[in-house]
Amino acid sequence: MDMETLDIEVRKYIRNIELQKAEAQRCIAELTERQKAVAAENNLLHIQLTELKERYDLLLYKRFARSAEQLLKDKKQLFLFDEPISNEEEPGTGQTAPQTIKSYKRSARGRKPIDPAIPREVEIIDIPEADKRCACGTMLKKIGEEISERLEIVPPRIYVKQIVRPKYACPECEGADDPDKPTVHVAPAPVSIIPGSIVTPGLLSTIMIAKYQDHLPFYRQELQFERIGVTISRQDMAHWQQRVYQRLLPLFELLKQAVKSGPVMGMDETTVQVMGEEGRADTQKSYMWLARGGPPGKPVVLFEYRETRAAKHLPEFLEGFVGYLQTDGYRGYETAISSYPAIRHVGCFAHARRYFFEAAKVTRTSGSQKKGLAEEAIGYIKKLYVLEETLRKQDISLSRFLNERGKAAAVIFSEFKAWLDQKVQETPPSLLLGKAIGYTRDHWETLTAYTECAYLTPDNNACENALRPFVLGRKNWLFNKSPDGAKSSCGMYSLIETAKQNGLIPRDYLTLLFDRCPSAKTPEDWAALLPWNIKNNKKNT
């Protein structure tokens with residue numbers, strides 16, 4: 001083979017090698033890309049599996065475990081239905097670490113004493129007179145008493161209040177000598193909140209309290225009345241409620257003005273089913289809105305029924321209000337507040353904390369003493385609540401409280417925000433912990449705004465607590481028969497909850513209100529019937 005031929009063969013060989021090398025590199029690149037894709041898909045599937053497992057675990061907790069937002073104190077929170085985790089071994093010893101068990105003091109046995117404020121009816125059971133003489137002939141001397149108490153109850157007492165108005169007439173002239181005066185003289189009938197009915201303020205307040213504080217629907221009350229021999233139909237009770245609501249409209253207008261007159265207002269909403277709404281099916285959910293505000297020392301709780309949860313309803317609550325509005329993270333509030341520059345939106349740390357609690361409940365803790373990430377976040381939020389409680393207990397001025405809380409909270413905010421910014425890079429946003437971190441970061445400005453006003457707290461729990469009686473009642477009466485019924489029920493809830501917030505006994509307040517409101521004519525008369533004015537009048541008298 002000559003050199004030229006050899007050179008050609010060598011060139012072909014080198015070219016084949018280069019082609020094979022290029023093909024190998026292409027295959028390697030393709031396999032690398034496929035490996036990356038498989039790894040990414042595997043990571044995505046792992047996240048989806050974790051997300052599904054968290055949902056499943058959370059459903060188990062909500063179905064079977066305690067609903068309280070509390071974690072076990074021993075940092076080894078067990079997963080539901082899991083076997084207990086074995087005790088840790090001391091490093092390098094192979095022996096089980098000793099466990100410290102707190103001592104437990106059992107409460108004293110025996111029945112708790114009956115409240116001394118309850119009236120007593122004394123029954124004396126003495127021995128016969130013949131047994132009071134000793135065998136020696138001497139009369140026995142009383143040396144003490146054996147006293148025992150038993151609780152008795154008398155069924156509700158209902159009676160007819162019969163009003164008799166004597167009529168007078170002149171037997172001689174039959175009133176002919178004085179034509180300006182009536183022939184028959186009779187005292188005017190007492191005014192009633194529902195003229196021509198059989199109801200009294202006491203009966204009305206009893207019915208309203210039974211439904212809106214004790215959560216007894218009208219049909220159950222109808223059965224109770226039948227058991228004591230009185231016939232009052234549920235239709236009559238519903239009709240009376242509507243009449244009372246219409247009569248008290250001027251008072252409700254004053255409450256609407258008062259709820260906006262303070263520096264702080266909290267709002268929340270929940271669903272309610274109302275039948276007979278125009279253009280809507282009876283199965284569609286409507287909403288009960290709640291606003292809690294008022295001047296300091298004069299809290300007002302106002303319920304309002306609306307067909308939807310749309311932000312278009314909020315201007316009715318916000319128009320004329322200047323101050324801080326504290327709510328949860330519902331975007332409708334932010335949309336509405338954007339049109340009111342005089343209103344500062346404040347968030348609720350209880351909602352942020354709730355997301356972290358849910359993440360902590362479904363996260364298995366390891367055997368180490370290190371806290372889980374969700375628990376770390378809860379720890380930061382707990383510091384804010386401890387700070388709030390500590391300063392509230394101190395007898396200091398509002399300005400000093402505001403200054404000290406602001407400085408101390410700023411340090412906690414800085415540490416917590418840095419933690420959130422770091423963990424958001426490491427946590428998938430679809431997991432419960434990622435959602436909790438995302439919610440807190442997205443609402444950070446509103447969550448920390450509570451330090452700007454001394455009347456604000458880290459959460460909106462006062463407003464949510466005022467809404468809780470309605471939620472309990474909804475489980476019993478289930479729905480409202482009409483929009484008018486929903487509106488009047490809002491009025492009853494507003495009166496009862498506002499009375500409670502002002503330290504009044506709701507039944508006593510309603511009885512007094514139903515008795516006095518027929519005589520109210522001027523705005524001053526209605527203002528005198530507001531809960532805090534009635535409370536102050538009681539103190540003065």
Side-chain angles (χ1 to χ4, degrees), residues 62 66-70 212-213 215 255 258-260 262-273 285-294 296 298-306 309 311 313-314 317-318 321 323-334 336-337 343-358 361 378 381-382 384-385 388-389 392 436 439-440 443 446-451 453 455-476 486 489-490 492-503 506:
K62 289 183 176 180
R66 293 177 58 192
S67 59
E69 293 180 357
Q70 295 178 353
Y212 296 108
Q213 189 174 13
H215 320 303
L255 290 177
V259 77
K260 303 178 185 179
V264 173
M265 183 165 65
M267 287 194 67
D268 202 1
E269 74 289 329
T270 188
T271 59
V272 61
Q273 190 165 352
K285 293 293 185 181
S286 300
Y287 279 84
M288 189 70 73
W289 294 75
L290 178 140
R292 182 186 182 274
K298 300 176 181 179
V300 179
V301 177
L302 186 67
F303 287 80
E304 290 285 350
Y305 148 73
R306 296 294 181 269
R309 199 191 185 193
H313 301 302
L314 285 169
F317 294 91
L318 304 181
F321 174 65
Y324 296 88
L325 178 66
Q326 191 167 31
T327 69
D328 56 22
Y330 173 44
R331 295 292 182 184
Y333 293 112
E334 296 182 6
I337 291 175
I343 298 178
R344 178 80 159 97
H345 191 199
V346 183
C348 174
F349 257 114
H351 283 77
R353 181 181 60 183
R354 192 166 301 148
Y355 287 116
F356 285 109
F357 266 108
E358 290 181 352
K361 285 180 178 180
I378 294 172
I381 299 175
K382 183 178 180 180
L384 297 174
Y385 279 87
E388 186 78 14
E389 183 180 4
R392 292 284 180 187
Y439 177 90
T440 307
H443 297 84
T446 58
L447 286 173
T448 57
Y450 77 92
T451 56
C453 177
Y455 295 107
L456 286 168
T457 60
D459 55 46
N460 196 30
N461 283 352
C463 190
E464 293 191 5
N465 290 338
L467 190 61
R468 185 171 289 114
F470 170 82
V471 177
L472 292 175
R474 182 180 59 191
K475 295 180 179 179
N476 289 270
S489 67
C490 288
M492 298 304 107
Y493 274 117
S494 299
L495 293 175
I496 291 172
E497 294 305 315
T498 301
K500 288 163 62 176
Q501 294 281 332
N502 285 272

For the pair Leu302 and Leu290, evaluate side chain to side chain contact (heavy atoms under 4.5 Å, CB included) and give the outcome as yes or no after the intermediate values. CA-CA 6 Å; Leu302 186 67; Leu290 178 140; over 6 Å; no

Walk me through it: do Ile381 and Phe356 pass the test side chain to side chain contact (heavy atoms under 4.5 Å, CB included)? CA-CA 10 Å; Ile381 299 175; Phe356 285 109; 4.2 Å; yes

Chi angles and distances behind the side chain to side chain contact (heavy atoms under 4.5 Å, CB included) call for Phe357, Ile378: CA-CA 7 Å; Phe357 266 108; Ile378 294 172; 3.9 Å; yes

Would you check, one step at a time, whether the test ring pair (Phe, Tyr, Trp, His ring centres under 6.0 Å) holds for His351 with Tyr355? CA-CA 7 Å; His351 283 77; Tyr355 287 116; 7.7 Å; no

Evaluate Tyr450 against Tyr324 for side chain to side chain contact (heavy atoms under 4.5 Å, CB included), listing each step before the verdict. CA-CA 9 Å; Tyr450 77 92; Tyr324 296 88; over 6 Å; no

Given Asp459 and Tyr385, is the side chain to side chain donor-acceptor pair (under 3.5 Å) satisfied, shown in steps? CA-CA 9 Å; Asp459 55 46; Tyr385 279 87; 2.7 Å; yes

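Ring-plane geometry between His313 and Trp289 is classed as perpendicular, the angle between the planes exceeding 60 degrees on a 0 to 90 degree scale with a lower cut at 30. The aromatic rings of Tyr493 and Phe303 lie tilted to each other, with the angle between the two planes from 30° to 60°.
Taking all atoms of both residues into account, the shortest heavy-atom contact from Tyr305 to Ser286 is CE1-CB, 3.8 Å. Among all heavy-atom pairs drawn from Pro263 and Pro296, the shortest one is CD-CD, 4.0 Å. Listed here is the closest heavy atom pair of Leu456 and Ala449: CD1-O, 4.3 Å. Listed here is the closest heavy atom pair of Ala311 and Ala336: O-CB, 4.2 Å.
Interatomic distance, CD of Glu304 versus CZ of Arg306, reported as 4.5 Å (0.5 Å rounding). Rounding to the nearest 0.5 Å gives a distance of 9.5 Å between OG1 of Thr498 and CZ of Arg292. Here the CZ-NE2 distance, from Arg331 to His443, works out to 4.0 Å after rounding to the nearest 0.5 Å. Considering OH of Tyr212 and CG of Leu472, their distance stands at 15.0 Å, rounded to 0.5 Å. The line from CZ of Arg353 to CG of Leu447 is 12.0 Å long, rounded to the nearest 0.5 Å. The distance from the CG atom of Leu325 to the CZ atom of Arg344 is 11.5 Å, given to the nearest 0.5 Å.
Side-chain atoms of Gln501 do not come within 3.5 Å of backbone N or O of Ile496 as any donor-acceptor pair. With hydrogens and angles disregarded, no donor-acceptor distance shorter than 3.5 Å links the side chain of Asn502 to the backbone of Lys298.
Leu255 places a side-chain heavy atom less than 4.5 Å from the side chain of Leu495. Using a 4.5 Å heavy-atom cutoff, the side chains of Val272 and Tyr287 are not in contact. Using a 4.5 Å heavy-atom cutoff, the side chains of Cys348 and Thr327 are not in contact. Using a 4.5 Å heavy-atom threshold, the side chains of Thr271 and Met288 count as separate. A 4.5 Å side-chain heavy-atom check between Lys500 and Pro506 finds at least one atom pair inside the cut-off. Contact check for Glu497 versus Pro469: side-chain heavy atoms found under the 4.5 Å cut-off. The closest side-chain heavy-atom distance from Leu314 to Met267 is below 4.5 Å.
Residues Arg474 and Thr270 bring a donor and an acceptor atom of their side chains to less than 3.5 Å of each other. In this model, a donor atom of one side chain and an acceptor atom of the other lie less than 3.5 Å apart for Glu269 and Tyr333.
Salt bridge status for Glu388 with Arg392: present, with a side-chain N to carboxylate O gap under 4.0 Å. Between Glu358 and Lys361, none of the side-chain N atoms (NZ, or NE/NH1/NH2) sits under 4.0 Å from a carboxylate O, so this pair counts as no salt bridge.
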